[in-house]
**Student:** 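Shown below is the structure under consideration.
First the proteins, then the strands, lettered A, B, ... as listed; each starts at 1. Keep in mind that what you see is a predicted model, and the values were worked out from it rather than measured. The basis for the numbers below is simple: all heavy atoms, side chains too, and nothing from hydrogens, waters or symmetry mates.
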Amino acid sequence: MSEEQIKNLEAQFEARIARDEKIEAKDWMPEKYRKTHIRQMSQHAHSEIVGMLPEGNWITRAPSLRRKVALLAKVQDEAGHGLYLYSACETLGISRDELYEQLHSGKAKYSSIFNYPTVTWADMGAIGWLVDGAAIINQVPLCNTSYGPYARAMVRVCKEESFHQRQGYEIMIKLANGTPEQKEMAQDALNRWWWPSLMMLGPTDAESIHTEQSMKWKLKRKSNDDLRQQFIDQTVPQADLIGLTIPDPDLKWNEEKGSYDFGDIDWDEFWQVVKGHGPCNKERMNARVGAWERGEWVRDAAMAHAEKQQQRKEKQAV
Amino acid sequence: MKNENLYNYILGIADNSLILGQRLGELTGHGPSLETDIACTNISLDLFGQVRSYYQYAAKIAGDNRTEDDIAMLRKEREYVNVLLVEQPNTDFAYTMTRQFLFDVYHLLYLQELQKSTDLTLSAIAAKSMKEVSYHQRFSSDWMKRLGDGTKESNQKMQNAIDDLWRYTDELFHQTEADIAMVKEGIGVDVTALKEKYHQIVTSILEESTLTIPESKYFQKGGKLGIHTEHMGYILTELQYMQRTYPNMEW
């Protein structure tokens with residue numbers, strides 16, 4: 001294809017997106033669009049899969065049968081999200097095995113928040129409330145993103161995430177209204193998860209490298225700083241309502257702005273975790289790689305069995 | 001307690017699902033593939049759902065304000081009456097699937113009979129659970145066939161698992177005092193009558209899987225009397241952690 005032809009296709013492509021048309025797997029797309037989408041969607045899928053680990057950590061110790069069932073269902077939903085996001089990625093011509101390989105080798109990233117440890121039951125509440133809450137803010141705009149398979153996956157993901165978020169908040173309500181020990185557990189969890197949740201919305205706009213192009217493709221519709229502000233404005237009243245204190249002495253309602261002012265985020269900590277040196281980066285990767293390696297003989301056997309079955313069928317047909 | 005036999009009988013059913021569900025819950029996020037991970041978590045969820053129905057009913061029978069969670073999480077090890085089979089560890093996927101298969105075949109046969117119970121609550125729980133457990137059995141049987149047939153390595157791993165776990169199967173067909181009393185009243189299932197059919201089904205699926213039942217005639221028992229393997233204490237340590245550390249609180 002000549003350069004001019006490509007330019008022409010690109011112009012048509014951008015015009016389709018501007019008209020809010022969906023791009024589908026079989027449509028022509030610029031290579032950069034494909035790559036960017038594989039990167040973002042797989043990062044999202046990996047986050048779901050790695051995100052199963054900190055919560056999975058409490059399944060066997062959930063305090064009641066009701067909570068145990070809800071937690072199992074939640075972690076299972078995350079596996080489901082991973083599954084359809086990987087499938088959506090596969091429509092762009094990359095296999096799930098390749099995507100895993102990128103995760104296991106450290107080439108692909110996942111959300112840094114999952115590199116923090118879950119040390120008490122209240123963390124199950126805080127993750128649902130704050131982490132899923134921040135995820136929703138990130139993800140709701142993606143229900144209208146330009147790539148069809150991603151947009152459709154996100155509609156389903158967001159519905160479930162919003163259920164998880166309410167479930168997490170409900171755990172916090174129960175703790176906050178419980179015994180002093182329970183309330184302290186809830187406050188401690190909020191203290192530990194608040195700042196990492198703010199970091200989850202990404203580096204400040206000045207530092208964010210992908211934003212401009214992503215905006216054009218509707219992979220991103222608001223800047224990181226705007227999303228963060230939205231998250232804070234939404235979450236502070238929820239904390240107030242259940243008598244918990246946001247661990248930020250600089251947090252203050254700004255009447256003029258109509259939103260909260262807040263303190264400085266420790267970006268050194270953010271980059272430390274992103275670069276692989278958070279409290280649980282090693283543990284999370286070991287768990288994923290370990291599961292994959294321990295499962296190799298199972299996957300090989302399943303393939304071998306399927307092939308044998310096929311051969312038997314063919315023999316019978318002869 | 002007025003209905004002590006019925007209460008103990010219900011625990012005899014539910015404790016199996018509780019401990020097996022707990023074992024499967026350990027695996028969430030660590031499965032050999034995303035699909036098997038989801039499926040095992042799903043089975044765990046089904047089992048805990050059933051457990052809740054049984055314990056809620058047992059709590060009602062006890063009639064002394066105890067809750068499903070008290071029954072699930074605040075007994076002593078010797079008071080749990082699950083069979084030894086379900087407390088065996090997730091050594092690898094071969095053990096996990098074999099344990100599941102050996103239990104599922106029993107579980108489905110059991111529920112088919114429990115459906116006919118004169119106790120309407122139990123027959124209703126059984127009817128609902130049967131749909132779930134039929135799926136469990138199909139899932140675990142398919143994996144027995146897949147891994148038995150798959151590769152030399154997978155066949156060997158599966159045979160090892162059968163060789164180790166088979167000795168826990170006979171206990172499934174032992175009757176407790178509560179069992180005998182409940183069978184007499186038309187409420188309980190006569191497990192001794194399930195044994196032949198169980199062996200038929202297991203043998204046929206293992207044959208298809210090119211696996212064999214070990215020849216040893218020695219079996220292990222004790223779970224139904226509350227005498228467990230050494231694994232049990234650790235399972236309960238996790239299961240009971242919150243209830244023991246923070247007593248008398250609501251979650």
Side-chain angles (χ1 to χ4, degrees), chain A residues 45 48-69 71-73 75-80 82-83 86 96 100 120-121 171 174-175 177-179 181-182 185 287-288 290-309, chain B residues 18 21-42 44-45 48-49 51-52 55-56 67-69 71-73 92-94 97 142-143 145-155 157-158 235 237-243 245-246 248-251:
Chain A
E48 297 282 357
I49 299 311
V50 177
M52 293 169 73
L53 299 169
E55 290 179 285
N57 184 36
W58 278 88
I59 287 174
T60 60
R61 291 177 294 166
S64 68
L65 290 174
R66 178 174 158 255
R67 293 293 184 200
K68 194 190 284 283
V69 167
L71 184 59
L72 273 163
V75 182
Q76 189 191 30
D77 282 348
E78 284 156 11
L83 198 58
Y86 282 129
R96 215 203 291 178
Y100 278 148
T120 72
W121 168 252
I171 290 178
K174 195 86 186 173
L175 294 174
N177 292 324
T179 63
E181 225 176 340
Q182 284 174 305
M185 193 191 284
R288 282 317 316 157
W292 186 245
E293 286 174 353
R294 280 192 304 277
E296 192 179 3
W297 70 269
V298 178
R299 297 188 304 273
D300 288 350
M303 288 294 283
H305 171 73
E307 276 164 28
K308 283 186 194 174
Q309 289 287 78
Chain B
L18 174 77
Q22 181 77 1
R23 274 298 193 207
L24 290 169
E26 293 171 12
L27 291 172
T28 301
H30 305 277
S33 70
L34 212 38
E35 287 81 355
T36 49
D37 209 310
I38 291 172
C40 287
T41 306
N42 205 48
S44 176
L45 262 173
F48 279 117
V51 163
R52 294 192 66 193
Y55 287 162
Q56 281 165 10
T67 66
E68 57 176 80
D69 292 322
I71 300 176
M73 296 171 179
D92 62 15
F93 195 68
M97 273 307 109
D142 283 349
W143 275 104
K145 293 178 207 162
R146 218 170 268 143
L147 297 176
D149 178 59
T151 61
K152 218 169 149 187
E153 184 190 11
S154 71
N155 179 277
K157 281 182 190 283
M158 293 307 282
I235 297 176
T237 302
E238 291 187 23
L239 179 69
Q240 301 186 339
Y241 169 66
M242 290 296 291
Q243 291 281 343
T245 313
Y246 305 94
N248 304 316
M249 296 184 203
E250 281 183 36
W251 303 94

**Student:** Between A/Leu175 and chain B, which part of the residue has a heavy atom less than 4.5 Å away: side chain, backbone, both or neither?
**Tutor:**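 For A/Leu175, the contact with chain B is made by the side chain alone.
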
**Student:** Quick check on the interface: out of B/Leu34, B/Thr28, B/Thr151, who has the most heavy-atom pairs with chain A under 4.5 Å?
**Tutor:**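 Option with the greatest count: B/Leu34.
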
**Student:** If the condition is salt bridge (Lys or Arg N to Asp or Glu O under 4.0 Å), which residues does A/Arg294 pass it with, not counting sequence neighbours?
**Tutor:**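 Partners of A/Arg294 under the salt bridge (Lys or Arg N to Asp or Glu O under 4.0 Å) test: none.
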
**Student:** Where do B/Arg23 and A/Thr60 land on the side-chain contact (heavy atoms from CB on, under 4.5 Å) test, with the steps shown first?
**Tutor:** CA-CA 8 Å; B/Arg23 274 298 193 207; A/Thr60 60; over 6 Å; no

**Student:** Starting at OG1 of A/Thr120, measure out to CE of A/Met185 and round the result to the nearest 0.5 Å.
**Tutor:**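 Rounded to the nearest 0.5 Å, the OG1-CE separation comes to 5.5 Å.
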
**Student:** Any side-chain heavy atom of A/Val69 within less than 4.5 Å of one from B/Leu45?
**Tutor:**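 A/Val69 vs B/Leu45: side chains touch.
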
**Student:** In terms of heavy-atom pairs under 4.5 Å with chain B, which of A/Met52, A/Gln309, A/Arg61 leads?
**Tutor:**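 Looking at each of A/Met52, A/Gln309, A/Arg61 in turn, A/Arg61 comes out on top.
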
**Student:** Which region of A/Thr179, side chain (C-beta onward) or backbone (N, CA, C, O), has a non-hydrogen atom less than 4.5 Å from a non-hydrogen atom of chain B, or is it both or neither?
**Tutor:**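 Contact with chain B: side chain only.
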
**Student:** Run B/Tyr246 and A/Trp121 through ring pair (Phe, Tyr, Trp, His ring centres under 6.0 Å) and show every step you take.
**Tutor:** CA-CA 11 Å; B/Tyr246 305 94; A/Trp121 168 252; over 10 Å; no

**Student:** Using non-hydrogen atoms and a 4.5 Å limit, figure out which bit of B/Lys152 sits close to chain A: side chain, backbone, both or neither.
**Tutor:**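 No part of B/Lys152 comes within 4.5 Å of chain A.
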
**Student:** Tell me which of these, A/Asn57, A/Val298, A/Ile171, has more heavy-atom pairs under 4.5 Å with chain B than the rest.
**Tutor:**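 Of the options given, most contacts go to A/Val298.
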
**Student:** For B/Asp149, is it the side chain, the backbone, both, or neither that has a heavy atom closer than 4.5 Å to a heavy atom of chain A?
**Tutor:**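 Both backbone and side chain.
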
**Student:** Rounded at 0.5 Å granularity, tell me how far CD in A/Glu48 sits from CD in A/Glu78.
**Tutor:**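 One finds 6.0 Å between CD of A/Glu48 and CD of A/Glu78.
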
**Student:** Between B/Ser44, B/Gly49, B/Ser33, which shows the greatest number of heavy-atom pairs under 4.5 Å with chain A?
**Tutor:**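 Sorted descending by pairs with chain A, the first entry is B/Ser44.
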
**Student:** Counting C-beta onward and ignoring hydrogens, is there a side-chain heavy-atom pair between B/Met249 and A/Ser64 closer than 4.5 Å?
**Tutor:**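 A side-chain contact under 4.5 Å is absent here.
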
**Student:** Side chain, backbone, both or neither: which part of B/Asn155 has a heavy atom under 4.5 Å from chain A?
**Tutor:**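 When you check distances to chain A, no heavy atom of B/Asn155 falls under 4.5 Å.
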
**Student:** With side chains defined as the heavy atoms from C-beta onward, is the minimum distance between B/Glu238 and B/Gln22 less than 4.5 Å?
**Tutor:**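 SC-SC contact between B/Glu238 and B/Gln22 confirmed.
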
**Student:** Sort out for me which of B/Gln243, B/Lys145, B/Glu68 touches chain A most, counting heavy-atom pairs under 4.5 Å.
**Tutor:**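 The candidate making the most pairs under 4.5 Å is B/Glu68.
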
**Student:** Check each atom of A/Ile49 against the heavy atoms of chain B and say whether the ones under 4.5 Å are side chain, backbone, both or neither.
**Tutor:**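 The side chain, not the backbone.
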
**Student:** Could you pull out the closest heavy-atom pair between B/Met158 and B/Trp143, with the gap in Å?
**Tutor:**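 It is CE-O, 4.4 Å.
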
**Student:** May I ask you to test the B/Asn42-A/Gln76 pair for a side-chain heavy-atom distance under 4.5 Å?
**Tutor:**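 When only atoms from C-beta onward are counted, A/Gln76 and B/Asn42 do touch, with a gap below 4.5 Å.
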
**Student:** If I measure from the heavy atoms of chain B, does A/Arg288 come under 4.5 Å with its side chain, its backbone, both, or neither?
**Tutor:**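 The side chain, not the backbone.
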
**Student:** Rounded to the nearest 0.5 Å, what's the gap from CE on B/Met73 to CG on B/Leu239? Could you check?
**Tutor:**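 Rounded to the nearest 0.5 Å, the CE-CG separation comes out at 5.0 Å.
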
**Student:** Report yes if the side chains of A/Ile59 and A/Val75 come closer than 4.5 Å at any heavy-atom pair, otherwise no.
**Tutor:**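 The answer is yes, as the side chains (C-beta and beyond) meet within the 4.5 Å cut-off.
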
**Student:** If you count heavy-atom pairs under 4.5 Å with chain B, which of A/Trp58, A/Tyr86, A/Trp292 comes out on top?
**Tutor:**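 With the most close heavy-atom pairs to chain B, the winner is A/Trp58.
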
**Student:** Among B/Asp69, B/Ile235, B/Thr237, B/Leu18, which has the most heavy-atom pairs under 4.5 Å with chain A?
**Tutor:**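 The answer is B/Asp69.
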
**Student:** Using only non-hydrogen atoms and a strict under-4.5 angstrom cutoff, which residues of residues 299-308 of chain A touch chain B?
**Tutor:**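 Against chain B, the residues of residues 299-308 of chain A that fall inside the cut-off (heavy atoms, under 4.5 Å) are A/Arg299, A/Asp300, A/Ala301, A/Ala302, A/Ala304, A/His305, A/Lys308.
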
**Student:** Which atoms of B/Glu153 come close to chain A, meaning under 4.5 Å heavy atom to heavy atom: side chain ones, backbone ones, both, or neither?
**Tutor:**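 The side chain, not the backbone.
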
**Student:** Under the ring pair (Phe, Tyr, Trp, His ring centres under 6.0 Å) test, which residues partner B/Phe48, sequence neighbours left out?
**Tutor:**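 If we apply the ring pair (Phe, Tyr, Trp, His ring centres under 6.0 Å) test to B/Phe48, skipping adjacent residues, there are no hits.
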
**Student:** Using a 4.5 angstrom heavy-atom cutoff, name the option from B/Thr245, B/Leu27, B/Asp92, B/Ile38 with the most pairs to chain A.
**Tutor:**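 It is B/Ile38.
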
**Student:** A/Arg96: what forms a side chain to side chain donor-acceptor pair (under 3.5 Å) with it, not counting sequence neighbours?
**Tutor:**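 A/Arg96 satisfies side chain to side chain donor-acceptor pair (under 3.5 Å) with B/Glu35 only.
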
**Student:** Looking only at heavy atoms and a cut-off of under 4.5 Å, which of A/Gly51, A/Ala73, A/Ala287 has the most pairs with chain B?
**Tutor:**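 Most pairs with chain B among the choices: A/Ala73.
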
**Student:** Taking side chain as everything from C-beta outward and backbone as N, CA, C, O, which of these in A/Arg67 sits under 4.5 Å from a heavy atom of chain B? Side chain, backbone, both or neither.
**Tutor:**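 A/Arg67 touches chain B through side-chain heavy atoms alone.
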
**Student:** Where does A/Leu65 contact chain B at under 4.5 Å (heavy atoms): side chain, backbone, both or neither?
**Tutor:**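 Both the backbone and the side chain of A/Leu65 come within 4.5 Å of chain B.
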
